[in-house]
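Only heavy atoms go into these numbers, but all of them, side chains included; no hydrogens, no water, no symmetry mates.
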Amino acid sequence: MPNDPLQAAPISLNRTAIADRVFDELQRQILSLDLKPGTKMSEADVAKAFGISRQPVRQVFFRLSRMGFLDVRPQVASRISFISENAVLQARFIRCALESKAIKVACEKLSEEDLDYFSDHIETQRKAVQDHDSDLFHTLDEDFHKEIYNRSGVGFAWDLIKEHKAHMDRVRYRSLPLNLDNAFQAHVRILEALKNRDKSEASRQMDQHLSEIFELLKNVREEFPDFFVE
């Protein structure tokens, strides 16, 4: 792999934990574009970089390919997938359809304890924004949306979204440093609508939040045209 971005210490864990650790690290590097689209990846190289056997790496490659991050080609080196604008827009459509519905369910089902959780979560997000910590905010952003599903009893829908949002995630992650406050303020407005049990406003705010991807996509594509596939 060019410049060998994988500089990891050997791992001493059980097989599942090893696979999760490697997956998390590769996903982070793909999202951040440290591993750029088109970069060749081989099971042997990754196994060597992490000091592990090829079996857990094979599991990781399968998970990454299922999410759209990796183009696996038997007998030849796999490659980090190029970003597809169509895939980004399709993910936005799916997320808007599901999250607009999920947020209405949340208005009905979230308990006061759940709302307290989200209030605390917002304050943690606020600190990440103040510290300009886009990596932490990305993790919190993911958790914020996921927990709306989980705490509303529709976590299965989030599992569906995860299968389609890989290309969208790379655009969002890359644009976060310049979009932290906008994303945070959108979450504040969504939580306010949840607290008011206002289904219509919550759905409107969620749709508006997810529609920011149109401008983010334009900006990232202009900055990194070679990372996209027609």
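A distance of 10.0 Å separates CG in Leu217 from CD in Glu222, rounded to the nearest 0.5 Å. The CE atom of Met206 sits 11.0 Å away from atom CG of Leu98, with the distance rounded to the nearest 0.5 Å. Atom CD of Gln130 and atom CG of Asp181 lie 10.0 Å apart (nearest 0.5 Å). A distance of 11.0 Å separates CZ of Arg79 from CG of Leu70, quoted to the nearest 0.5 Å. With rounding to the nearest 0.5 Å, the separation of OG1 in Thr139 from CG in Asp143 is 9.0 Å. Atom OG of Ser175 and atom CG of Leu180 lie 9.0 Å apart (nearest 0.5 Å).
Side-chain contact check for His145 versus Arg95: some heavy-atom pair is nearer than 4.5 Å. For the pair Val46/Val60, no side-chain contact is recorded, criterion being any heavy-atom separation below 4.5 Å from C-beta on.
Between Phe227 and Phe224, the angle of the ring planes stays under 30°, which puts this pair in the parallel group of the 30/60° scheme. Classification of the Phe144-His187 ring pair by plane angle, with boundaries at 30° and 60°, yields parallel.
There is a path of hydrophobic side-chain contacts, each under 4.5 Å, that joins Leu191 to Leu210. Placement of Phe118 and Phe184 within a single hydrophobic cluster is found when ILVMFWY residues are connected by side-chain heavy-atom separations under 4.5 Å, directly or transitively. Leu64 and Ile18 fall within a single hydrophobic cluster, where Ile, Leu, Val, Met, Phe, Trp and Tyr side chains are chained together by heavy-atom contacts under 4.5 Å.
Listed by chain and residue number, Cys96, Met168, Asp207, Ser211, Ile213, Phe214 satisfy the side chain to side chain contact (heavy atoms under 4.5 Å, CB included) test with Arg92 (two or more places apart in sequence, or in another chain). For Ala106, the side chain to side chain contact (heavy atoms under 4.5 Å, CB included) test picks out Leu110, Ile148, Ser152, Leu194, with sequence neighbours left out.
A pairwise comparison of heavy atoms in Ile80 and Lys36 identifies CB-O, 3.5 Å as the closest pair.
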Salt bridge (charged side-chain N to carboxylate O under 4.0 Å, His left out) assessment of Arg189 paired with Glu192: CA-CA 5 Å; Arg189 292 190 294 270; Glu192 186 64 24; over 6 Å; no
Residue pair Arg58, Gln55: steps toward the side-chain contact (heavy atoms from CB on, under 4.5 Å) verdict: CA-CA 5 Å; Arg58 191 167 297 119; Gln55 180 56 35; 3.0 Å; yes
CA sep, side-chain torsions, deciding dist, call: Gln29, Glu25, side-chain contact (heavy atoms from CB on, under 4.5 Å): CA-CA 6 Å; Gln29 293 192 29; Glu25 178 59 21; 2.6 Å; yes
Test log, rule side-chain contact (heavy atoms from CB on, under 4.5 Å), inputs Arg63 and Asp20: CA-CA 10 Å; Arg63 291 171 64 184; Asp20 288 343; 3.0 Å; yes
Worked check of side-chain contact (heavy atoms from CB on, under 4.5 Å) between Leu26 and Met41: CA-CA 11 Å; Leu26 290 182; Met41 299 267 289; 3.9 Å; yes
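Side-chain atoms of Asp34 and Ser32 form a donor-acceptor pair, as typed in the model, at a separation below 3.5 Å. A donor and an acceptor atom, one from each side chain of Ser111 and Asp114, are located under 3.5 Å apart. Judged by distance alone, the side chains of His121 and Glu147 never bring a donor and an acceptor atom under 3.5 Å apart.
A donor-acceptor pair under 3.5 Å links the side-chain atoms of Ser81 to the main chain of Phe69, judged by distance alone. Checked by atom type and distance alone, the side chain of Ser65 pairs as donor or acceptor with a backbone atom of Phe62 at under 3.5 Å. With Ser119 contributing its side chain and Leu115 its backbone, the two residues share a donor-acceptor pair below 3.5 Å.
Contact check on Glu212 versus Arg172 returns no salt bridge, with no Lys/Arg side-chain nitrogen under 4.0 Å from an Asp/Glu carboxylate oxygen. The pair Arg204-Glu201 meets the salt-bridge criterion, with a side-chain N (NZ, NE, NH1 or NH2) lying under 4.0 Å from an Asp/Glu carboxylate O. Under 4.0 Å is where a charged nitrogen must lie from a carboxylate oxygen, and between Arg197 and Glu112 at least one such pair does. Of the charged side-chain nitrogens involved, none lies within less than 4.0 Å of a carboxylate oxygen, so that Asp169 and Lys162 do not count as a salt-bridged pair.
Shown here is Glu123, whose CD atom has more than 12 heavy atoms of other residues, nucleotides or ligands within 6.0 Å.
Under the 6.0 Å distance and 45° angle rule, Arg151 counts as a cation-pi partner of Tyr117.
Among pairs with a residue in residues 157-176, those fulfilling ring-ring contact (aromatic ring centres under 6.0 Å, His included) read His138-Tyr173, Tyr149-Trp158, at least two apart in sequence or across chains.
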